[in-house]
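Counting starts at 1 for both ligands and their atoms, in listed order. Residues take their numbers from the sequence shown, with the count starting at 1.
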Amino acid sequence: MRQAIANAEVGDEQRREDPTVNELERRVAELLGQAEAVYMPTATMANEIALRALSEPGDELIAEENAHIFSAELGGPAVHAGLMTRPTRGEKGRFGPDEIQRMVRRTDGTHVPPTRIVAIENTHNASGGRVWPLEEVRTLVAACRELELVVHLDGARIMNAAVALGVPAAEIAGQFDTVTLCLSKGLGCPLGALVAGSHELMVKARRLKHQFGGAMRQAGIVAAAGVYALDHNVDRLAEDHERARRLAERLHEAGVPVDLEQVQTNFVQVDVGALGLDNAEALERLARDGVGLSATPHPGVLRALTHLDITDEHVDRASELIPKALGVLSHA
Ligand SMILES: Cc1ncc(COP(=O)(O)O)c(C=O)c1O
């Protein structure tokens, strides 16, 4: 990837003259089954611009209560798009047509804010990287279409979902009006994300990107990492998933509370609360032993994850260190 970055052909991205950015945008649009894609610095910006492009201020956005767009983008949908945010309580990060039919609001132009966007997250970060079954996505999108709602996919980790399901990403992402793909997570790039959708929506997205200050110059330097990642780092996500599964099984055997059903991609959630520890204490103990886990939106639940720099040896080592650090050695 460093070599690809060093050798990148570049131009002025703002003028759409950077051949590497153009190539990345073309490849990602095709990958996601969308007409066009726009390169962005981050997935947060891709989400925010998608939501803004899809709506008018005062419209309502429905998403799961722990969705990244609600819990980790600093109120961006309200700030950037003037959206009314309407969280729904999902089951494992998911919700269905019944929920949308119950929540949708219609307006005659007085009083009531019209529901406009339904957004889903796949894989769902806060529920431990769980994947939406394809059929559930189809049913939900069909229900939204019937209600004349637009649909956004926060597919920051959509390639993990596609690899876990064994389907082309376009089969999932092609159903949505707009899709975010992040390059700096499992795909291993230093930065970058894309938003994809119809030509009309991407014209809006490019304008918004410039207004948000995200239009760049020789961005091919980093876009080259994205092109490299599409060629080399997609199929290998299956290895991350296998390692996460192995880590979860080893921890479970050692008596660490992990929900094996949750482990569908590259996350392992550790229920330190069940051991009588709070997040801060558990994180400190783990860090002392050289293991880096992170917090989740759920009190007492931490997250371990695997990625392209995590080897089998790391998994072996973490499987030994985590139970010790959390004080469950006696169960091993
Ligand atoms: C589901 C989801 N969407 C969007 C983002 C935002 O990504 P970035 O940090 O690139 O803005 C994240 C980051 O963790 C995420 O998990």
Side-chain angles (χ1 to χ4, degrees), residues 24 28 32 37-52 54 61 63-77 79-81 83 85 87 90 92-95 117-132 137 151-164 169 172-173 176 178-196 205 208-209 212-214 216 219 222-223 225-226 229 233 237 240 244 262 264-269 292-298 301-308:
L24 178 63
V28 168
L32 300 179
V38 181
Y39 189 45
M40 300 281 177
T42 65
T44 299
M45 195 192 272
N47 277 338
E48 295 301 328
I49 283 179
L51 296 175
R52 171 83 177 265
L54 289 171
L61 160 68
E64 196 273 335
E65 62 180 348
N66 291 309
H68 196 275
I69 52 171
F70 281 170
S71 65
E73 299 187 9
L74 281 163
V79 174
H80 301 302
L83 285 165
T85 50
K92 299 171 184 169
R94 313 200 302 267
F95 51 91
I117 310 176
V118 172
I120 75 162
E121 192 175 302
N122 192 12
T123 65
H124 191 271
N125 182 342
S127 73
R130 283 187 171 92
V131 181
W132 281 66
V137 174
V151 277
H152 171 66
L153 171 62
D154 180 353
R157 297 181 184 80
I158 191 62
M159 299 318 297
N160 291 87
V163 166
I172 313 169
F176 290 80
T178 49
V179 184
T180 291
L181 166 73
C182 188
L183 298 169
S184 69
K185 301 190 168 54
L187 297 182
C189 297
L191 61 89
L194 290 102
V195 62
L208 290 163
K209 171 181 165 177
F212 276 44
M216 295 173 274
V222 273
N233 292 351
L237 292 171
D240 296 342
Q262 164 268 310
Q264 299 175 359
T265 56
N266 61 328
F267 290 26
V268 179
Q269 285 188 337
L293 264 58
S294 54
T296 69
H298 314 291
V301 179
L302 298 183
R303 180 185 78 169
L305 71 80
T306 52
H307 55 75
L308 77 182

When you look at His68 and Glu121, which way does the side chain to side chain donor-acceptor pair (under 3.5 Å) test go after all the steps?
CA-CA 8 Å; His68 196 275; Glu121 192 175 302; 5.8 Å; no
In short, Ala229 meets Cys189 closest at the heavy-atom pair CB-SG, 3.7 Å
Measuring from non-hydrogen atoms of Met45 to any atom of ligand 1, is the shortest distance under 4.0 Å?
no
Quick one: does Arg157 get a heavy atom under 4.0 Å from ligand 1?
yes
Between Thr180 and Asn47: side-chain donor-acceptor atoms closer than 3.5 Å
yes
Is it true that a side-chain atom of His298 and a backbone atom of Val301 form a donor plus acceptor pair closer than 3.5 Å?
no
Exactly one of Leu32, Val38, Leu24 should register a side chain to side chain contact (heavy atoms under 4.5 Å, CB included) with Leu194. Which one does?
Leu24
Name the orientation class of the two ring planes belonging to Phe212 and His80 (parallel below 30°, tilted from 30 to 60°, perpendicular beyond 60°).
tilted
Distance-minimising heavy-atom pair for Phe95 and Ala119
CZ-O, 3.7 Å
May I ask you to check if ligand 1 and Glu73 share an N or O to N or O distance below 3.5 Å?
no
Identity and distance of the protein heavy atom lying nearest atom 15 (C) of ligand 1:
His68 CD2, 3.2 Å
Distance from Leu308 atom CG to Asn266 atom CG, nearest 0.5 Å?
11.0 Å
Which protein heavy atom lies closest to atom 3 (N) of ligand 1, and at what distance to 0.1 Å?
Asp154 OD2, 2.7 Å
Show me which atoms of ligand 1 lie under 4.0 Å from any heavy atom of Asn47.
3 (N), 4 (C)
Identify the protein heavy atom lying closest to atom 10 (O) of ligand 1, giving its residue, its atom name and the separation to 0.1 Å.
Ala43 N, 3.2 Å
Would you say Thr44 has any N or O atom under 3.5 Å from an N or O of ligand 1, going by distance alone?
yes
Ligand-residue contact atoms, ligand 1 with Glu121, heavy atoms, under 4.0 Å
1 (C)
For atom 7 (O) of ligand 1, which protein heavy atom lies nearest, and how many Å away is it?
Lys185 NZ, 2.8 Å
Any idea which part of Ala156 is under 4.0 Å from ligand 1, heavy-atom wise: side chain, backbone, both or neither?
side chain
